[in-house]
Every structure is written in structure tokens, then in C-alpha cells.
Trainee: 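There's a structure below that I have some questions on.
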Amino acid sequence: GTIIEARMDKGLGKIATVLVQSGTLCCGDDMIAGTATGRVKVMIDDKGKQVKKAGPSIPVSVTGWDELPEAGDIMDVVESDRFARDLAAERKLKLSKKDDTSESVNLDDLFDKISKGELKTVKLIIKADVQGSLEAVKQSLGKLGNEEVNIEIIHGGVGAINESDVSLADTAKAIIIGFNVRPDANAKSLAAQRKIDIRFYNVIYKAIEDIEAAVKGMLAPKYREVVLGSADVREIFKI
């Protein structure tokens, strides 16, 4: 099938609308779409009713994803969740165009690397809170390249920045852009360990300005976030 849209739902979590094109999609099937994997937990048809099966030409909303796929991704049912994870890892590896010889990249020294001819492509990983924002940020930042340097979006997804994103950034020597999302505790720790540059924004134009300014060597001083402490929400009491 094909992923029509994907979003975070407060009640159902990660949910993607799939248009089945061949075969029959069933609850319990292991699936992969792009670099996102999962097992079908709940399927909801266009009338809002839960269904167990969906055949060709039938759109259904599917839950059970480990991360949200991108609109336009082809979804396949596979024989096992392990095969799906292995295939997703292989796809991420191809996207990363692995280059272990180079150092990590950050916006602060971007212009110096470009000027010295050490960097021809700026690779970005973009995470956003909703699919619409993700597409808008990807399209906006993708247009910022010039004759000296190319901007390449190697991965985009909806949801919090996780360890997988940081590992991909480390492998691909990419910068992570978070739009209305934050990294989880493990991702934050790994990013600090591997010196991965993560930038947070809630206004698209600010992200565009920073990337554009970094490419031209006019980036303003960096403001660092000082963490005083952290906490886990264990329970919510409604009063």
C-alpha cells in the first residue's frame, strides 16, 4: 500500500493512513514503510469503525508504528518484525552515505568548512510534531543550497528526537533540526557523547534564517540551554 498521511494521535499514538493497493492487510501483520517499521495493532476504516482486514483500494488508519512513516512511502507487509528492522536499518545506512573519516558538523563552524572546501553538502535530519509542519520545514530548508554547497534532507519524521535519529546523524555527519519537538533522555545523552548538533525551533522562518546565515558565515552567537534538572511524569491527577 501507500502512506497517504501520518500523524500523532493523543489516544492512539503514532497513526498512518494507508491505501491498500494489493493483497490484504490484516491485524498482526509486520510492516515496513521507508525506514519506519511496526506491527498492525488497530485498523480503522473511513467510517471510524475498527476492522480486522483491508483489501485493495481500501484506505485504513493503522497504529503500531515504532516511528511515523512519511507521506508517499510504500508500505509492505513482511514475514517478521526482525526482517522489517533489518531492512529499515539497511535503508537508513544507504541514506546516511556513511563517511567515518569526517568530524561531526555543527552550524557554528559550517561556513569555515565550506570556505576551506571541506564540505560540499550540508546534511539535515528533521523531526517535527506533525506531518504538515515536517513537509513545510523540509521544503523550505531544501531550497537554501547555493553554487558552493548543497542542502540534503537525509531523513524526516514526526515525533520526539530519538536515539535512532542521533545515530543516523553521527553516521551521516548531519545536523538535527527539531521543530516543536525535543529529544528523549537517551537521545540527549547520546547526542552529547557524540557531539551531535541539535537545533530547536518553533517558527519555520527562524530555522530558515539560521541555516541560511550559517551557510553565508553570518550566524549569530549560539545561545545554550542550561538544564537544571529533569523529571519523569509518572501519573496525572485530574482535579
Side-chain angles (χ1 to χ4, degrees), residues 3 6 8 13-14 16 30-39 64-70 73 75-76 78 80-110 113 118-129 131 133-134 137-138 141-142 150-201 207 210-211 214 222 224-225 227 230 232:
I3 304 296
M8 289 293 294
K14 301 179 181 71
D30 292 302
M31 55 188 175
I32 180 170
T35 57
T37 63
R39 176 171 291 172
W65 300 94
D66 60 348
E67 63 179 78
L68 280 174
E70 296 187 47
D73 281 348
M75 190 211 76
D76 292 299
V78 292
S80 68
D81 61 338
R82 181 170 183 173
F83 179 80
R85 289 196 302 269
D86 289 345
L87 183 55
E90 184 180 322
R91 289 177 177 179
K92 285 182 179 180
L93 193 60
K94 287 180 180 178
L95 284 171
S96 70
K97 296 180 181 178
K98 188 174 182 180
D99 182 10
D100 290 330
T101 61
S102 59
E103 299 176 351
S104 60
V105 177
N106 63 70
L107 286 187
D108 297 318
D109 61 11
L110 199 60
K113 288 182 179 290
E118 297 175 4
L119 192 66
K120 297 295 183 184
T121 301
V122 178
K123 298 177 182 178
L124 301 176
I125 293 170
I126 301 173
K127 296 299 289 285
D129 54 343
Q131 190 73 33
S133 297
L134 174 64
V137 174
K138 285 172 66 176
L141 297 184
N150 179 47
I151 304 292
E152 181 182 354
I153 313 296
I154 65 169
H155 178 63
V158 175
I161 298 165
N162 54 39
E163 282 185 275
S164 176
D165 299 318
V166 176
S167 295
L168 179 58
D170 183 43
T171 302
K173 309 308 173 191
I175 297 168
I176 299 176
I177 303 294
F179 188 77
N180 284 331
V181 295
R182 311 290 293 181
D184 58 34
N186 292 334
K188 189 183 294 183
S189 175
L190 186 61
Q193 178 187 336
R194 300 188 181 180
K195 299 180 180 179
I196 302 301
D197 193 7
I198 304 179
R199 300 286 173 133
F200 308 108
Y201 300 95
D210 276 7
I211 299 296
K222 181 178 180 181
R224 298 189 180 275
E225 182 181 74
V227 179
S230 61
D232 292 327

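Every value quoted in this text rests on a predicted model; they were computed, and no experiment measured them. Positions are given from 1 along the sequence. Below, each value reflects all heavy atoms present in this structure, side chains not excepted, and no hydrogens, waters or symmetry copies.
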Trainee: If you look at every heavy atom in A172 and I154, which pair is closest and at what distance?
Mentor: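 Nearest pair, atom of A172 first, then I154: CB-CD1, 3.4 Å.
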Trainee: Can any side-chain N or O of K195 pair as donor or acceptor with the backbone N or O of A192 at less than 3.5 Å?
Mentor: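 No; zero donor-acceptor contacts below 3.5 Å.
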Trainee: Compare every heavy atom of A6 with every heavy atom of L68, then report the nearest pair and how far apart it is.
Mentor: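 The pair with the smallest heavy-atom distance is CD2-CB, 3.8 Å.
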Trainee: What distance do E152 atom CD and L124 atom CG have between them, rounded to the nearest 0.5 Å?
Mentor: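 That separation rounds to 9.0 Å.
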Trainee: Evaluate side chain to side chain donor-acceptor pair (under 3.5 Å) for K92 paired with S164, printing each intermediate quantity in order.
Mentor: CA-CA 9 Å; K92 285 182 179 180; S164 176; 2.5 Å; yes
Trainee: With rounding to the nearest 0.5 angstrom, report the CD1 to CG distance, I126 to D165.
Mentor: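 Here the interatomic distance stands at 11.5 Å.
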Trainee: Quick check: do E163 and V166 have side-chain heavy atoms less than 4.5 Å from each other?
Mentor: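 Not touching, per the 4.5 Å side-chain cut-off.
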Trainee: Examine distances only and state if a side-chain atom of S189 and a backbone atom of A185 form a donor-acceptor pair shorter than 3.5 Å.
Mentor: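 Not a single qualifying donor-acceptor pair exists.
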Trainee: Measuring only between side-chain heavy atoms, which start at C-beta, is M31 closer than 4.5 Å to R39?
Mentor: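 SC-SC contact between M31 and R39 ruled out.
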Trainee: Give, for atom CG of D30 and atom CG of D76, the distance between the pair rounded to the nearest 0.5 Å.
Mentor: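 Those atoms lie 12.5 Å apart.
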Trainee: Would the distance check show the side chain of D184 and the main-chain N or O of N162 forming a donor-acceptor pair, the cut-off being under 3.5 Å?
Mentor: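 No, because the side chain of D184 does not come within donor-acceptor range (under 3.5 Å) of the backbone of N162.
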Trainee: Kindly compute the distance separating CD1 (I32) from CZ (R85), expressed to the nearest 0.5 Å.
Mentor: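 Going from CD1 on I32 over to CZ on R85, the span is 11.0 Å.
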Trainee: Side chains of I211 and I177, heavy atoms from C-beta outward: is any pair under 4.5 Å?
Mentor: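 I211 vs I177: side chains touch.
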Trainee: Say whether, by atom type as modelled, one donor and one acceptor occur between the side chain of R91 and the main chain of G34 under 3.5 angstrom.
Mentor: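 Checked: pair present.
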Trainee: Does the side chain of V181 come within less than 4.5 Å of I161's, by heavy atoms?
Mentor: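 A side-chain contact under 4.5 Å exists here.
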Trainee: If only atom types and distance count, is the side chain of K127 paired as donor or acceptor with the main-chain N or O of A160 below 3.5 Å?
Mentor: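 Yes: the side chain of K127 pairs with the backbone of A160.
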Trainee: Of all heavy-atom pairs between W65 and M75, which one has the smallest distance, and what is that distance?
Mentor: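 Nearest heavy atoms, W65 then M75: CH2-CG, 3.8 Å.
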Trainee: Between T35 and A88, which heavy-atom pair has the shortest distance, and what is it?
Mentor: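 Of all heavy-atom pairs spanning T35 and A88, the closest is O-CB, 3.6 Å.
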Trainee: Heavy-atom distance under 4.5 Å between the side chains of V137 and Y201, does that happen here?
Mentor: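 Result no, sub-4.5 Å side-chain heavy-atom pair not found.
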Trainee: Looking only at heavy atoms, what is the nearest atom pair of I196 and A174, with distance?
Mentor: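 For I196 versus A174, the nearest heavy atoms are CG2-O, 4.3 Å.
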Trainee: Rounded to the nearest 0.5 Å, what's the gap from CD on E70 to CD on Q131? Could you check?
Mentor: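 Taking CD in E70 and CD in Q131, the distance rounds to 6.5 Å.
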Trainee: Drop me the distance from D66's CG to T37's OG1, to the nearest 0.5 angstrom.
Mentor: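 Spacing of CG (D66) from OG1 (T37) equals 3.5 Å.
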